Chemist: 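Dropping the structure in here first, questions after.
Letters A, B, ... are given to chains in the order of the sequence lines, protein chains preceding strands, and every chain is numbered from 1. Predicted model, so just to flag it, every value in this text is computed and none were measured.
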There are 2 protein chains.
Amino acid sequence: MAEPTHKPLRPQRLTAKGAATRERIVRAAAELMHTQGVERTSLDDVIAVSGTGRSQLYHYFADKAAIVDAVVEFQIEQVLGAQEELLRNADSMNGLTRWRDAVVAHNRSLKGAHGCPLGSLASALSDSSEITRQAIARGFDRWEGALRTGLQHMRQTGALAQEADPATLATGLLAALQGGYLLAQARRDATSIQVALDTALDHIRSFTR
Amino acid sequence: MAEPTHKPLRPQRLTAKGAATRERIVRAAAELMHTQGVERTSLDDVIAVSGTGRSQLYHYFADKAAIVDAVVEFQIEQVLGAQEELLRNADSMNGLTRWRDAVVAHNRSLKGAHGCPLGSLASALSDSSEITRQAIARGFDRWEGALRTGLQHMRQTGALAQEADPATLATGLLAALQGGYLLAQARRDATSIQVALDTALDHIRSFTR
DNA sequence: CGAAGAATGTACTAGCCGATACATTTTCGC
DNA sequence: GCGAAAATGTATCGGCTAGTACATTCTTCG
């Protein structure tokens, strides 16, 4: 039994077709889990929406937890990707305001429903799997880091006072965003997220000169 | 069929014993749902922890959704009750700071785990039942109202500038709290909630004279 | 007391859901 | 083109879970 032929559980290399199927699964799972929650989303739901079969799910993923992990990574890229340009330009009060406008407008169009794609996963999964929790935390770190970079730039250029701490302000801003998402979701009204972000931006503005 | 004897589904009046049992059920369900999530908590879990039987659950509640609703009301009272004195005295920067200290200290003792008892319910339930969502929203309203009352008092006594808007500041403060809870939960570190609350308090402080 | 109803115990069921086994078709690299 | 591996289809299973049925014990109150 020198070299027992382990059955190759996951495909060793994906074909173009396989990669497309895998992505359809993840996209469907991500949308379902965001709109109706992780636990309420069954594999049958994912199969129906993705237009695949049961065998595909287990061909590309070890189990449901692996799908959830893929959804977490997917949503992190989705959220940061969708905001990439806005975040890159969030290095001035005008840039921060444009970012705020985009977030609030999108939330308003949904009447606050579903909350933040990453935040709702954080609430649902942080206490279940340690690996998953760390992945979500890394997503928040990247998000906060992007905000911090913009604030650091503002301080370097003198737009922000030297005593302003970009790291602290970035944490406060991300917290205001997440808390705003949650209140807006519970109230079915985007006003909360708008007020929360405006308050956080007001605070940052108080450090401008 | 003038008066068909409808079977009295729920007990018409609770005896002392019955009320105690009902409360044991709600307490056990609340703790389980907070620590492991609403969907991951089965009725068998509730039965085991509460030390009751299956028939009791359905004697006091119509179904699982009714238990969840009772848990929501219970947690609202728990959260507001535990902070009642602190919130009543949150009408000065010192009072607000004491409230902040208590929240942060408690969260630190848990290393951020589980998040806010009401916030996690909000995330899990806001998109499922409309009735439940409204109950949670009312809980947030009361919480925000308590903070607003303190800030209004500060403005009336001149501690806060006239141009400060207590309603806006209260929303921002509650959002910072909820966002801080969420980030702390994902990061398993109370630093985020501490920074978020400090930032929000700093902002309020900028309106003091 | 004694009966009505509350409180509790035991047993069961139907459906869903994650997971597996196995067969078949399709694709890709040599 | 041919063999290996990927991709997909079908059928099934065991366990968990919410919910029901029914019997029994306890409490309250007239």
Side-chain angles (χ1 to χ4, degrees), chain A residues 3-29 32-33 36-71 124-125 128-129 132, chain B residues 3-29 32-33 36-71 124-125 128-129 132:
Chain A
E3 201 66 20
T5 38
H6 291 114
K7 63 167 70 175
L9 258 190
R10 292 317 116 207
Q12 300 177 334
R13 20 179 234 284
L14 289 182
T15 67
K17 195 181 181 186
T21 299
R22 202 195 113 108
E23 192 184 324
R24 288 206 336 272
I25 293 171
V26 175
R27 291 193 106 93
L32 284 164
M33 290 175 181
Q36 60 182 4
V38 174
E39 302 292 334
R40 309 180 107 89
T41 298
S42 71
L43 297 188
D44 286 332
D45 291 338
V46 177
I47 289 168
V49 171
S50 65
T52 57
R54 196 159 210 73
S55 60
Q56 268 106 314
L57 261 56
Y58 286 96
H59 185 64
Y60 297 104
F61 302 96
D63 51 22
K64 188 182 177 180
I67 298 180
V68 169
D69 285 344
V71 166
L125 300 171
S128 56
S129 153
T132 309
Chain B
E3 200 67 20
T5 38
H6 290 113
K7 63 168 70 174
L9 257 189
R10 294 314 116 208
Q12 301 177 333
R13 19 180 234 285
L14 289 182
T15 68
K17 195 180 180 186
T21 300
R22 202 195 113 108
E23 193 185 323
R24 289 209 332 275
I25 293 171
V26 176
R27 292 193 104 94
L32 284 164
M33 290 176 181
Q36 61 182 10
V38 174
E39 303 293 333
R40 310 179 105 88
T41 299
S42 71
L43 297 186
D44 285 335
D45 291 339
V46 177
I47 288 167
V49 171
S50 65
T52 57
R54 194 159 209 75
S55 59
Q56 270 103 315
L57 262 55
Y58 287 95
H59 186 64
Y60 298 104
F61 302 95
D63 50 23
K64 188 182 179 182
I67 298 180
V68 169
D69 285 343
V71 166
L125 300 172
S128 55
S129 153
T132 310

Chemist: Looking at every non-hydrogen atom in both residues, tell me the closest pair between A124(B) and R40(A) and how far apart they are.
Modeler: O-NH1, 4.2 Å

Chemist: In whole angstroms, how far is the C1' atom of dT17(D) from the CD1 atom of I67(B)?
Modeler: 13 Å

Chemist: Could you tell me whether the side chain of V49(A) reaches within less than 4.5 Å of the side chain of L32(A), counting heavy atoms only?
Modeler: yes

Chemist: Starting at CD1 of I47(B) and ending at P of dA11(C), how long is that distance when rounded to a whole Å?
Modeler: 14 Å

Chemist: Please state how far atom CG in L14(A) lies from atom P in dT8(D), giving the value in whole angstrom units.
Modeler: 10 Å

Chemist: Give a yes/no on whether any side-chain N or O of Q56(A) is located under 4.0 angstrom from OP1 or OP2 of dA7(D).
Modeler: no

Chemist: Roughly, in whole Å, what's the span from CG in L57(B) to P in dT17(D)?
Modeler: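 These atoms are roughly 14 Å apart.
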
Chemist: Enumerate the side-chain hydrogen bond (donor to acceptor under 3.5 Å, both in side chains) contacts for residues 41-54 of chain B, please, sequence neighbours excluded, ordered by first and then second residue.
Modeler: Q36(B)-T41(B), Q36(B)-D45(B), S42(B)-D45(B), D44(B)-R54(B), S50(B)-T52(B)

Chemist: Taking the side chain as every heavy atom from C-beta outward, state whether I67(A) and L43(A) have any atom pair closer than 4.5 Å.
Modeler: yes

Chemist: Could you tell me the separation between the CG atom of L57(A) and the CD1 atom of I25(A), rounded to the nearest 0.5 Å?
Modeler: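 So the CG of L57(A) and the CD1 of I25(A) are separated by 4.5 Å.
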
Chemist: In this structure, how many angstroms lie between the P atom of dT20(D) and the CZ atom of F61(B), rounded?
Modeler: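 Those two atoms, CZ and P, are 16 Å apart.
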
Chemist: Starting at CE of M33(B), measure out to CD of E39(B) and round the result to the nearest 0.5 Å.
Modeler: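 Answer for the CE-CD pair, M33(B) versus E39(B), is 8.5 Å.
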
Chemist: Would you say Y60(A) reaches dT8(D)'s phosphate, i.e. side-chain N/O to OP1/OP2 under 4.0 Å?
Modeler: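 Checking Y60(A) against dT8(D): at least one side-chain N or O falls below 4.0 Å of OP1 or OP2.
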
Chemist: Tell me the interatomic distance from L32(B), atom CG, to dT17(D), atom C1', rounded to whole angstroms.
Modeler: 15 Å

Chemist: Between E23(B) and A20(B), is there a donor-acceptor pair closer than 3.5 Å when you use the side chain of the first and the backbone of the second?
Modeler: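 Checking the backbone N and O of A20(B) against the side chain of E23(B), no donor-acceptor pair under 3.5 Å is found.
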
Chemist: I would like to know whether V68(A) and L125(A) meet side chain to side chain contact (heavy atoms under 4.5 Å, CB included); could you show each step before the answer?
Modeler: CA-CA 9 Å; V68(A) 169; L125(A) 300 171; 3.5 Å; yes

Chemist: Could you run down the sub-3.5 Å N/O contacts of the protein with nucleotides 17-20 of chain C?
Modeler:
unit_1  : atom_1 : unit_2 : atom_2 : d
dG18(C) : OP1    : K64(A) : NZ     : 3.1
dG18(C) : OP2    : L43(A) : N      : 2.8
dG18(C) : N7     : R54(A) : NH2    : 2.8
dA19(C) : OP2    : Y58(A) : OH     : 3.2
dA19(C) : OP2    : K64(A) : N      : 3.0
dA19(C) : N7     : R54(A) : NE     : 3.3
dA19(C) : N6     : R54(A) : NE     : 2.5

Chemist: Where do N or O atoms of nucleotides 26-29 of chain D meet protein N or O atoms at under 3.5 Å, pair by pair?
Modeler:
none

Chemist: Return the value, rounded to whole Å, for the distance between atom NE2 of H59(A) and atom C1' of dT27(C).
Modeler: 11 Å

Chemist: Write down the distance between CZ (R24(B)) and P (dA7(C)), rounded to a whole number of angstrom.
Modeler: 12 Å

Chemist: Show your reasoning for whether side chain to side chain contact (heavy atoms under 4.5 Å, CB included) applies to Y60(B) and V26(B).
Modeler: CA-CA 10 Å; Y60(B) 298 104; V26(B) 176; over 6 Å; no

